[in-house]
Amino acid sequence: MRGLKAYLDDMEMCCRCSCCKFIPLLNIRYHEYAAICPSIERFNFHCYSAGGRLNIGAALAKGQIVPNRMLEKVAYSCFLCGGCQVSCSFGMDMHVFEPILELRFQLARDGFVPQAFSDYKDQFEKRRGLLGTPYKGQWAREIGARVGSGQVYLYIGCLIESDPHLWRIPQLLSEVLRRSGLSFTVGPEDEPCCGAQLYQMGFEREFVDHAERLGAYWNSLDVRLVVAFCPHCYWALKVLLAKYGVHLRPRILHVTEFVEELLQRGELYSTAQEIHKRPVTYHDPCKLGRLSEPWIPWQGEKKPGPRFQFVPPRPYRRGTNGVYQAPRRILSYAGVTFLEMPRTREYAWCCGSGGGIWLSDPELATWVAEARVREAKATGAEILATACPWCRSLLSKASAALGNPVQVLDVLELLFH
Amino acid sequence: MALPKEAFRELEDIVGPENISEDPTIMPAYFNTAFAAVVLPGSVEEIRAIVLVCNKYKIPFRAICTGWTGRFQPGTLLLDLRRMNRIIEINERNLYAVVEPYVTLAQLQAELWKRGLHCNVKGAGTNCTALLRGHGHLDQSTSADDRNYLAVEWVTPTGKVVRTGALGLVGEWYTGDGPGPSLRALISGAVPPGVTPGVITKAAIKLYHWPGPAYWDVKGTNPHYYLEELPPNFFVRYYWFPDVDRMLEAEARIGESEIALELMGFNLSMVVANITTSNEEEEKLYDELKDEVKGPGFLVILGGLSEADLSYKRKVLEMIVKETDGHVLSITEDPKVQGLLLIHCTRICASVRETFRAGGAFRSIPVMGQRDLVARWAVGAAEAKRSLIARGLVVDDGGHFFGWGVEHGHLGKTEIFCRYDPRDPEAAEAVEQWYTEQTERALQEGYFANFMLPWEKIRTSVGPRLCNFHIWWEEVMDIIDPLRLTTSSPLV
């Protein structure tokens, strides 16, 4: 745990150029699809942009301001989508996402946190970090999938577990795996939650405690591969645990990476039939895309001299190595007519479900999702595919609210239709 | 200084409670200034009403567009024009676009390229407002500064709405200088104070022909974007010359022949900053190339309307370069580097790499004026910069300046800056001293006057050397802003 002050120099590097508000400038092709930050788009005051949050973070770190409810609103209306980090780091060498997270952590520690988030944390602690859903494992029982029958562990995540409408996604894959003769295991009753939501809500200390439990759990299993269906789980296991020094023995893959590998090796086949005739676009989930780059530990110090440069060179998370190709290749296997949205890959517009805002401000989350649905529709697509249950859920609701201009589906639903 | 409660209520009634804030915790995001409040007007009517409230309660006010930089007095009411972000019209027949203040150059440019049109983009970058006054990479073929403004809609400091040129007479945007009222020097002049009192709420921007595609088909993932191949009918090179005289001669002849889409007098360090993706990469590449470049130079981009047109322009360019003893910077013969320079220097998307990335700050002396005259001053300013480089206080860029011809060279722009770490007090002090000494030298030796000074300093030291312009300017201000509520409002 580093604290806000550790990023003071980064925060003071902000030159207020406003690049954090837009997709990387050279990729702007439309006036209406230039924005990257949902928060500043909605509230307009500069403090709701990444640059504004860095300015405020620096002032807070230096004791120039004291937290209040306005500051809580500023910090907690960020979707933690990471788009600002991508756009800023096209031109600058500085951390953006990390200090914004730290701002949230500090406010949470000081008691400035939405009530809904406090309630979530209380529930999380009450159930000792276990997945909290009355339907736990029911998706698997329905199709007869069993615990402990393979080296590949399907980690479904809380949202799919708790929403019967989403069970179809792991059920389709399980069915194909079986048909392909590939064994797998599913989570037991005491399967732990990944903790990604807790973390995004600002409860860093609580997440760190939970991370140890996660490490112990995953390293105690006799599995070689964990397949995360939810990008939030994937982010937690692949990135956050590494960030806090918890090493996992099993390999971690997102389900799209797993399926793509099998398809490339010829071990799975697409069952897509009719749907491929329809035009499809793809929404990159933030946690699977730009935020899923491997965590590179770094320790060092600033090099003497006028440059903001470090020894050893400091790595920046610019979105370069996110998972962008695997879901697109799956769509290619599915044979769809693929149409790219103007804001795509590392500079995709967030669906609105990041940062816990789905819980604290559902109206705001829906406003963001509706913008994405409109963007998808403008490509001429009839289907908006994604690879995250959170994105799928929220975008589906948004599409319904707009009169269903597009059908929202998971890429696996398209592949295994 | 807080607003009177009645004033706050009246402002709130104008913009709605969600568009006004006086919360002190948001002020660090606004230039670290204790503004009386920040308001987000959404229309000219709202701005006019706000200005009337300011006059009623004697509240000083300023407006910002995209708001990169600015210095403001505490207690000012800040009008953040972010909600005014509409492209009102792109008139392809009469070659102008009408925009509100928060339309960025990147957005406008994107829409223009689809129509085979183009606009001037300031060196600050396409992240800035399309209303920004200034200079940049494309000045050679798209003019610069206020010369691209046509009709303008302006709210005066006392709350009158003025529409200049044809807009004021017949409601058309095609000219700002008559028929109808022409107030160019007053509201958008490059002459002192070079800023607009009041608020510009819409402006028509002059457009030009764009010889390229509707968009660059950029490949790769941030920050490693690239073009797979250079588009047809484009040519990109960087040339250096043995001395300033020969560079200026080449620049002038290229201007006279009207062949260049872009002529940007980058120094080597700026070329390198543009094409590298981190400080480490930049420093390494600069060290590799610095011995190759033995004098000042410039980047040239040619854009042909056809293969034959490009061929002609290229022949002219190469002849001029040969006759002025120019040399190609070898790395710019690499098509990948050419592609990077083409996309970065037409979309002007990497300015922060050239300026802020290195140390977090830069101090610049930009001068609009006769190119060959100001370049001679810049030679001395560059020499002075070298001593700061030697002391390790500013980033090593060889101690060079940069600049370019405007409108194919009959005007010019010259600039020099020091990049440094503002957290280093010794560096900050040394850079400030360099800035003060070099601008003072420019004034004393008759090169130019620096207007980026407090008004009091301009009155006492600059005005008397420039026909006492400050006296009549103050008389004008007595009429248009008698309460002195808006000292200046640069379009940042």
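The chains referred to below are lettered A, B, ... by the order of the sequence lines, with proteins before strands, and numbering in each begins at 1. All values below were derived from every heavy atom in this structure, side-chain atoms included, with hydrogens, water molecules and symmetry-related copies excluded.
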In terms of heavy-atom proximity below 4.5 Å to chain B, should A/E72 be classed as side chain, backbone, both, or neither?
-> neither
With under 30° as parallel and over 60° as perpendicular, where do the rings of B/F72 and B/F31 fit, or are they tilted in between?
-> tilted
Part of B/F356 lying under 4.5 Å from any heavy atom of chain A = both
Given B/H224, B/Q109, B/E282, the one with more heavy-atom pairs under 4.5 angstrom with chain A than any other is B/E282
Would you confirm whether A/E346, through its side chain, and A/G319, through its main-chain N or O, come within 3.5 Å as a donor-acceptor pair?
-> no
Heavy-atom distances under 4.5 Å only: say whether A/I40 touches chain B with side chain, backbone, both or neither.
-> both
Heavy atoms only, distances under 4.5 angstrom: which of B/E280, B/E111, B/M27 has the most pairs with chain A? Name it, please.
-> B/E280
A/R314 NZ/CZ over A/F310 ring centroid, <6.0 Å and within 45° of normal = yes
Below 4.5 Å from any heavy atom of chain B, which atoms of A/K302 appear? Answer side chain, backbone, both or neither.
-> side chain
Sort B/I20 into side chain, backbone, both or neither according to what part of it lies under 4.5 angstrom from a heavy atom of chain A.
-> backbone
Contact class of B/E18 relative to chain A, heavy atoms under 4.5 angstrom = backbone
Quick one: what part of B/D424 sits under 4.5 Å from any heavy atom of chain A, side chain, backbone, both or neither?
-> neither
Non-hydrogen atoms of chain A under 4.5 Å away: do they reach the side chain of B/I26, the backbone, both or neither?
-> both
Do you know which of A/V66, A/D9, A/L60 has the most heavy-atom pairs under 4.5 Å to chain B?
-> A/D9
In terms of heavy-atom proximity below 4.5 Å to chain A, should B/N279 be classed as side chain, backbone, both, or neither?
-> both
Considering all heavy atoms, the nearest B/R82-A/K21 contact = NH1-CD, 4.0 Å
Chain B contact via A/P24 - which portion, at a heavy-atom distance below 4.5 Å = side chain
Verify the distance criterion only: is there a donor paired with an acceptor across the side chains of B/R357 and B/T276 at less than 3.5 Å?
-> yes
Counting heavy-atom pairs under 4.5 Å with chain B, the top scorer among A/T320, A/N321, A/V74 is A/T320
ring-ring contact (aromatic ring centres under 6.0 Å, His included) between A/F90 and B/H344, worked out = CA-CA 11 Å; A/F90 169 76; B/H344 291 176; 5.6 Å; yes
Do the side chain of B/E100 and the main chain of B/N85 share a donor and acceptor less than 3.5 angstrom apart?
-> yes
Checking B/S278 against chain A: side chain, backbone, both or neither under 4.5 Å from a heavy atom?
-> both
Do we get A/R29 above B/Y215's six-membered ring, with its NZ or CZ under 6.0 Å from the centre and within 45° of the axis?
-> yes
Quick one: what part of B/V394 sits under 4.5 Å from any heavy atom of chain A, side chain, backbone, both or neither?
-> backbone
Among the options A/C14, A/C15, A/S49, pick out the one with the most heavy-atom pairs lying under 4.5 Å from chain B.
-> A/C15
Quick one: of B/A124, B/S21, B/P24, who has the most non-hydrogen atom pairs under 4.5 Å with chain A?
-> B/S21
Who wins among A/R16, A/R345, A/M92, A/E12 for the most heavy-atom pairs under 4.5 Å with chain B?
-> A/R16
With no hydrogens and no angle check, is any side-chain donor or acceptor of A/D284 less than 3.5 Å from a backbone partner on A/G289?
-> no
Greatest number of heavy atom pairs closer than 4.5 Å to chain B - which of A/F43, A/Y324, A/F22, A/F45 = A/F45
The interface call for A/L25 against chain B, heavy-atom contacts under 4.5 Å, is both
Look at A/G91, A/A34, A/G305 and state which one has the largest set of heavy-atom pairs under 4.5 Å with chain B.
-> A/G91
Does B/Q107 reach the main-chain N or O of B/T104 with its side chain, forming a donor-acceptor pair under 3.5 Å?
-> yes
Flag the pair A/F112 / A/R69 as yes when at least one side-chain heavy-atom distance between them is below 4.5 Å, and no otherwise.
-> yes
Region of B/A427 in contact with chain A, defined by heavy-atom distances below 4.5 Å = neither
Nearest atoms (heavy-atom pairs only) where B/C128 meets B/W68 = SG-CE3, 3.5 Å
Kindly say whether A/I28 contributes a backbone atom to a donor-acceptor pair with the side chain of B/R347 at under 3.5 angstrom?
-> yes
Chain A interface, residue from B/Y420, B/W216, B/Y225 that has the most non-hydrogen pairs under 4.5 Å | B/Y225
B/L117 versus B/W210, closest heavy-atom pair with distance = O-CB, 3.3 Å
